[in-house]
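Here the structure is laid out as structure tokens; the discussion comes afterwards.
Note that the coordinates shown come from a computational prediction; the quantities given were computed from them, not determined experimentally. These numbers come from the heavy atoms of this one structure, side chains and all, not from hydrogens, waters or symmetry mates.
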Amino acid sequence: MKFSDAETYTFGDTEALCNELLALVRSGAKRATCGAIADFEDGKEAMPVVGRTDISLHWDGTPALATRTVELRATTWETMTAEMALAEGEDETLQGWRTGHKRYFMRQGIFAPDMKLIWERFEVIEDFGEAP
């Protein structure tokens with residue numbers, strides 16, 4: 001396998017959001033993401049590692065993109081900076097990021113203003129194409 005040490009992950013918690021976020025990555029607008037430390041600690045997701053290439057999946061589980069982690073920062077929802085939030089490419093303001101991510105984390109049942117997050121900057125290594 002080309003990326004034998006890769007972990008897999010899916011953007012978002014719905015097919016529509018997954019497709020929207022993949023489109024933002026493909027356009028170059030999205031070059032960062034964040035996740036709740038709780039999701040990594042309970043094994044729902046693999047913790048990103050600087051330098052590792054991982055595979056982002058389409059909602060149906062097929063490979064979408066290979067991405068390499070280039071930077072990680074520990075933060076919280078309430079201490080997220082505008083620079084970090086805007087690198088995620090989903091919003092035009094920090095307030096927009098806060099609103100959208102609060103909704104997302106509330107759907108997961110884990111929102112708290114001081115919730116621990118890991119913010120990840122990544123680069124796209126390979127695009128495997130649209131879902132079949």
Side-chain angles (χ1 to χ4, degrees):
M1 183 176 171
K2 189 173 186 178
F3 303 109
S4 59
D5 67 336
E7 297 288 344
T8 60
Y9 66 96
T10 305
F11 284 113
D13 61 347
T14 65
E15 184 173 4
L17 183 55
C18 178
N19 291 340
E20 177 184 332
L21 297 177
L22 285 171
L24 287 171
V25 173
R26 286 187 167 111
S27 75
K30 182 172 182 62
R31 285 295 181 261
T33 194
C34 71
I37 291 291
D39 286 340
F40 300 115
E41 290 176 341
D42 72 8
K44 286 183 185 176
E45 298 181 39
M47 179 66 85
V49 174
V50 172
R52 188 178 68 208
T53 298
D54 293 326
I55 308 297
S56 177
L57 304 173
H58 292 287
W59 194 250
D60 67 4
T62 58
L65 303 164
T67 60
R68 181 176 299 126
T69 302
V70 296
E71 180 182 3
L72 293 172
R73 293 187 203 175
T75 190
T76 66
W77 179 88
E78 64 191 349
T79 60
M80 176 66 72
T81 68
E83 172 209 359
M84 292 163 62
L86 298 181
E88 291 193 32
E90 301 168 43
D91 302 286
E92 295 182 13
T93 65
L94 177 58
Q95 186 55 47
W97 181 93
R98 288 192 195 288
T99 299
H101 281 73
K102 181 177 182 178
R103 258 192 323 263
Y104 175 81
F105 291 125
M106 287 182 76
R107 286 195 307 267
Q108 309 307 307
I110 59 173
F111 176 75
D114 64 345
M115 66 185 296
K116 294 177 183 177
L117 304 174
I118 189 76
W119 178 86
E120 173 188 8
R121 186 180 308 273
F122 59 84
E123 61 186 353
V124 174
I125 303 303
E126 188 169 337
D127 188 336
F128 301 114
E130 296 295 324

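Both Phe111 and Leu17 are assigned to one and the same hydrophobic cluster, defined by single-linkage of ILVMFWY side chains at heavy-atom distances under 4.5 Å. There is no path of hydrophobic side-chain contacts, each under 4.5 Å, that joins Leu117 to Val70. Criterion: ILVMFWY side-chain heavy atoms under 4.5 Å apart, direct or through other members. Under it, Met80 and Phe105 are part of a common hydrophobic cluster. Placement of Trp97 and Met115 within a single hydrophobic cluster is found when ILVMFWY residues are connected by side-chain heavy-atom separations under 4.5 Å, directly or transitively. Note on Ile55 and Phe40: separate hydrophobic clusters, where clusters join Ile, Leu, Val, Met, Phe, Trp and Tyr whose side-chain heavy atoms are under 4.5 Å apart, directly or indirectly.
The main-chain N or O of Trp77 is found under 3.5 Å from a side-chain atom of Arg98 such that the two form a donor-acceptor pair. Not one N or O on the side chain of Lys116 forms a donor-acceptor pair closer than 3.5 Å with the backbone of Thr76. Under the 3.5 Å distance criterion, the side-chain polar atoms of Lys102 are left unmatched by any main-chain donor or acceptor of Tyr104.
The CD atom of Glu20 sits 8.5 Å away from the OG1 atom of Thr14 when rounded to the nearest 0.5 Å. Taking CZ of Phe3 as the reference point, atom OG1 of Thr8 lies at 14.0 Å (rounded to 0.5 Å). In this structure, CE in Met47 is found 4.0 Å from CD1 in Ile37, a value given to the nearest 0.5 Å. The distance from the CG atom of Leu86 to the OG1 atom of Thr93 is 7.5 Å, given to the nearest 0.5 Å.
For the pair Leu65/Phe122, no side-chain contact is recorded, criterion being any heavy-atom separation below 4.5 Å from C-beta on. You'll find the side chain of Val124 reaches within 4.5 Å of the side chain of Arg31, heavy atoms only.
The salt bridge (charged side-chain N to carboxylate O under 4.0 Å, His left out) check on Arg73 picks up Glu71, Glu83, with sequence neighbours excluded.
The side-chain hydrogen bond (donor to acceptor under 3.5 Å, both in side chains) contacts involving residues 48-62 comprise Arg52-Asp54, Thr53-Arg68, Asp60-Thr62, where partners must be two or more places apart or lie in separate chains.
Looking at Tyr9 and Thr33, their side chains never bring a donor and an acceptor atom within 3.5 Å of each other.
Nearest heavy atom pair, residue Leu72 against residue Pro48, reads CD1-O, 3.4 Å. Across Ala85 and Leu94, no two heavy atoms sit closer than the pair CB-CD1, 3.8 Å. Closest approach of Ala74 to Ile118, counting heavy atoms only: N-CD1, 4.1 Å. Ala36 approaches Ile110 most closely through the heavy-atom pair CB-CD1, 3.5 Å. Closest non-hydrogen pair, Asp42 versus Asp39, comes out as OD1-O, 2.8 Å.
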Before you tell me yes or no, could you show the steps for His101 and Glu90 under side chain to side chain contact (heavy atoms under 4.5 Å, CB included), namely the whole-Å CA-CA distance, both residues' side-chain angles and the distance that decides it to 0.1 Å?
CA-CA 10 Å; His101 281 73; Glu90 301 168 43; 3.6 Å; yes

Derivation of the side chain to side chain contact (heavy atoms under 4.5 Å, CB included) call for Val25 and Phe11
CA-CA 10 Å; Val25 173; Phe11 284 113; 3.9 Å; yes

What donor-acceptor contacts under 3.5 angstrom involve side-chain atoms of residues 125-132, with partners at least two apart or in another chain?
from	atom 1	to	atom 2	distance (Å)
Glu126	OE1	Lys2	NZ	2.7
Asp127	OD1	Arg26	NE	3.2
Asp127	OD1	Arg26	NH2	3.1
Asp127	OD1	Gly129	N	2.8
Asp127	OD2	Arg26	NE	2.9

